[in-house]
Amino acid sequence: MGIDIQSVIMRLIDVSYSYAGRYPALMDVNLSIGDGEQVVILGANGSGKSTLLKIMDGLIRPDSGRLEAFDEDVTTIVDDPARSRDLHRRVGLVFQDPDVQLFSPTVWDDVAFGPLQMGWPPEDVRRHVSEALETMEITHLAQRAPYELSGGEKKRAAIATALSLDPDVLLLDEPTASLDPRSKAVLVDLIARLGQEKKTIVTATQELEIVEAVGSRAIVFGDSEHHPIADGLVWEILQDTELLLSANLIHEHLHYHGPIRHIHRHETAGGHHS
Ligand SMILES: Nc1ncnc2c1ncn2[C@@H]1O[C@H](COP(=O)(O)OP(=O)(O)O)[C@@H](O)[C@H]1O
Ligand SMILES: [Mg+2]
């Protein structure tokens, strides 16, 4: 299992984590992310995707195992505020719920929040905020209140709050969940463009339709294993129906036909009409 990686930027070694010491979320996770890679973490609800991203961002500390980032051991970084801050700048986590990330009176203030916390000079803050807004194509929304935005606009604003810190790694937790098809397409396109610029991006999702656009490699978390059960090229993973069925990413009656095509319902008895 696995793929040749030129230069590893983050690595998890035998990482396990349980909530309240009782509810296992990750069990013996081993994986590496290469510099400039776009990796999709595929897994059903509860498979451990969000927990994985929180560990990678240094928000929670593994119960056991190790986390390496940028050639340093950062396993216990949660206990060190200065190093934690540095990791948060270099690794930007965008939560599934954008309302967690948007709390200021305007979009501009939200996107400026991180850079201001870093104590950057005002002109640097302005430049980084402008660039992040431009990249997410929301410059025209800068003075709007976040609660006035549509779901898709909120997502783009939330990603901009991470981009304004010019992170080396971007972690996206289910970025397209609950978006309408057009907003989803716009967002996927923006993520794909970041990837083309060689940004390292890790996207957690259970939506097979976006996988090919946002990554070239996919790591599949099992439905109950709490660790990867496959790691390979996206097109290989998407063709492996048995794997996708066992990981609860497709259902035999709600079947998936090839990358970014369509999903349609099979007849329960007899053949199906296409
Ligand atoms: N705050 C929490 N308290 C207790 N258990 C949790 C908590 N958050 C997640 N879990 C459990 O950890 C497992 C992994 O969850 P999560 O990382 O959120 O998965 P995913 O993001 O893939 O849906 C699930 O079994 C879930 O019930
Ligand atoms: Mg989740």
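Below, each value reflects all heavy atoms present in this structure, side chains not excepted, and no hydrogens, waters or symmetry copies. Whatever order the structure lists ligands and atoms in, that order sets their numbers, starting from 1.
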Is the count of non-hydrogen atoms from other residues, nucleotides or ligands lying under 6.0 Å from Y23 atom OH greater than 12? no

Parallel, tilted or perpendicular, judged at 30° and 60°: which one describes the rings of F113 and F103? perpendicular

Could you tell me whether R217 and D231 have a side-chain N and a carboxylate O separated by less than 4.0 Å? yes

Test item: side-chain donor near acceptor, [X] and [Y], under 3.5 Å:
X	Y	result
D180	S183	yes
Q101	D110	no
T176	E207	yes

Can you find a pair of side-chain heavy atoms, one from R156 and one from L187, that are under 4.5 Å apart? yes

Can you list, by chain and residue number, every protein residue with a non-hydrogen atom closer than 4.0 Å to ligand 1? Y19, Y23, P24, A25, A44, N45, G46, S47, G48, K49, S50, T51

Walk me through it: do K154 and D99 pass the test salt bridge (charged side-chain N to carboxylate O under 4.0 Å, His left out)? CA-CA 8 Å; K154 273 189 190 178; D99 291 332; 3.1 Å; yes

Can a donor-acceptor pair be found, under 3.5 Å and without considering hydrogens, that links the side chain of H227 to the backbone of F221? no

Neighbouring protein N, O or S atoms of the Mg ion (ligand 2), below 2.8 Å: 1

